[in-house]
> 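What follows is a single structure, and I will ask about it in a moment.
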Amino acid sequence: MAEVEVTQKPVQEMVENGIQFPNEYIWKDANYGVIDAFAPLAEIPVIDIARLNNVEELDKLRSALTSWGCFQAINHGIEFSLLEKIREVGRQFFHLPMMEKQKYAREAGKIDGYGNDMILFENQTLDWFDRLMLLVHPENERKLKFWPENPQSFRAILFEYATRIEQIEEQLLKSMARSLNLEEDCFLKQCGQLKRLAAQFNYYPPCPRPDCVLGLKPHADATTVTILLQDEEVEGLQVMKDDKWFRVPIVPGALLINVGDQIEIMSNGIFKSPVHRALTNSKKERKTLAMFCASEVGKEIEPVGKLINDNRPRLYKAVRDYHETFIFSYQQGKRAIDAVKM
Ligand SMILES: O=C(O)CCC(=O)C(=O)O
Ligand SMILES: [Fe+2]
């Protein structure tokens with residue numbers, strides 16, 4: 001990546017030291033409407049993962065993914081105590097002294113580690129959040145030096161959580177295929193042997209100007225699916241539907257499943273990868289954990305042949321290394337998926 005050096009300070013450090021934040025954080029793009037903390041609450045479908053063998057639940061899944069592109073998953077099999085543990089180790093990490101966190105600092109041009117997104121362009125609007133990004137799979141690319149040993153249980157808990165997330169991912173991709181009357185492994189096969197899983201712990205410090213600064217710019221994810229553990233009490237995520245913004249409610253114990261661009265491509269646009277953004281607030285920190293599931297790097301993905309017909313022409317080209325296309329588009333405020341349309 002063409003990043004020369006890591007220049008951005010952790011947002012948390014600016015806040016703790018009372019530093020006046022630079023103008024780069026001010027959100028100016030008029031394309032996605034204004035920042036509105038009082039947008040209506042989204043009626044995002046709630047889906048019982050344990051009942052996906054049932055036709056009714058499968059129909060609900062298809063309907064959720066063709067309309068919102070996301071749903072709240074309940075009965076997903078991860079017990080509440082594990083959700084609490086993974087939240088707790090994330091919280092403890094972000095509350096370590098800055099010097100301690102900096103031991104895991106991201107390196108220039110790389111993705112893993114503690115810090116912020118890469119700055120690739122002049123005038124890039126910066127996001128009001130810090131993050132700890134850790135690639136979990138494929139295993140031979142894992143960089144354990146970025147995995148905190150403080151708190152001591154961090155690694156073991158993340159391993160356990162990631163294993164459970166992968167089971168959910170597999171079940172979801174199969175159910176999505178079945179809901180479209182496709183062979184159940186048709187999406188999974190496209191993902192390849194070395195499909196990827198990355199954990200991103202997001203930390204949004206309180207922000208003095210929530211009216212004009214975003215935690216995360218509007219974007220859709222580059223994934224097959226993203227499995228998001230929301231903050232247990234602080235709202236902030238908004239999702240766009242029919243060009244309007246909606247607040248995503250917190251459902252205790254649920255995981256928010258977001259379709260990413262890769263499934264939108266494979267499903268020939270039937271399943272929607274929703275644009276979403278994170279707002280900030282002036283009072284409370286907010287913490288979320290996004291588990292990004294994606295196909296093997298270098299493996300071509302494309303719309304499933306059975307989903308292309310006279311009524312539904314092919315919408316997307318075959319694409320390799322979608323992630324690269326994605327980062328550049330995202331930081332320019334564009335949607336990457338537009339670049340692979342026919
Ligand atoms: O923190 C959130 O609520 C959203 C996170 C997100 O969209 C992402 O990490 O891609
Ligand atoms: Fe996202």
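In this text, all values refer to a predicted model and were calculated from it rather than measured experimentally. We count ligands from 1, going down the list as the structure has it; atoms in each ligand are counted the same way.
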> Rounded to the nearest 0.5 Å, what's the gap from CE on Met266 to CD1 on Ile301? Could you check?
4.5 Å

> Nearest protein heavy atom to atom 2 (C) of ligand 1, by residue and atom, and its distance?
Tyr204 OH, 3.4 Å

> Where is the nearest protein heavy atom to atom 6 (C) of ligand 1: which residue, which atom, and how far?
Leu216 CD1, 3.4 Å

> Less than 3.5 Å between some nitrogen or oxygen of Gln230 and one of ligand 1, yes or no?
no

> For the ring-ring contact (aromatic ring centres under 6.0 Å, His included) test, which of Phe94, Phe201, Tyr114, Tyr204 pairs with Phe129?
Tyr204

> Search all heavy atoms of Ser273 against all heavy atoms of Glu264 and return the closest pair with its distance.
N-OE1, 2.8 Å

> Classify the contact between Leu228 and ligand 1 as side chain, backbone, both or neither, using a heavy-atom distance cut-off of under 4.0 Å.
side chain

> Would Val239 and Val234 show up in the same hydrophobic cluster when neighbours are defined by side-chain heavy atoms closer than 4.5 Å?
no

> Check for me whether Phe292 has a heavy atom closer than 4.0 Å to any atom of ligand 1.
yes

> At the 4.0 Å heavy-atom cut-off, does Arg286 count as touching ligand 1?
yes

> Taking 4.0 angstrom as the limit and counting only heavy atoms of His276, give me the atoms of ligand 1 inside it, by number and element.
7 (O)

> Can you tell me how far CD of Gln12 sits from OH of Tyr203, rounded to the nearest 0.5 angstrom?
4.0 Å

> Could you report the tightest heavy-atom contact between Val297 and Asp321, atom names first, then the distance?
CG1-OD1, 3.4 Å

> For the residue pair Tyr104 and Phe146, is the inter-centroid distance of their aromatic rings smaller than 6.0 Å?
no

> Using a 4.0 Å cut-off to any heavy atom of Ala290, which atoms of ligand 1 qualify?
9 (O)

> Below 4.0 Å, non-hydrogen atoms only: which portion of Thr226 touches ligand 1? Side chain, backbone, both or neither.
neither

> Using side chain to side chain contact (heavy atoms under 4.5 Å, CB included) as the criterion, point out the one residue from Leu134, Leu135, Val136 that pairs with Leu197.
Val136

> In terms of atom number and element, which parts of ligand 1 are under 4.0 angstrom from non-hydrogen atoms of Gln200?
9 (O)

> May I ask you to decide if the ring planes of Tyr25 and Trp128 are parallel, tilted or perpendicular, using 30° and 60° as cut-offs?
perpendicular

> Can you pull out the closest protein heavy atom to atom 10 (O) of ligand 1? Residue, atom name and distance to 0.1 Å, please.
His219 NE2, 3.1 Å

> Any atom of ligand 1 sitting under 4.0 Å from a heavy atom of Arg277?
no

> Considering non-hydrogen atoms of the protein only, which is the closest contact for atom 9 (O) of ligand 1, and what is the distance?
Asn202 ND2, 3.3 Å

> Please work out, at 4.0 Å between heavy atoms, whether the side chain, the backbone, both, or neither of Asp221 comes within that distance of ligand 1.
side chain

> Name of the Asp221 N, O or S atom nearest the Fe ion (ligand 2)?
OD1

> Pairing donors with acceptors under 3.5 angstrom, does anything connect the side chains of Gln92 and Glu88?
yes

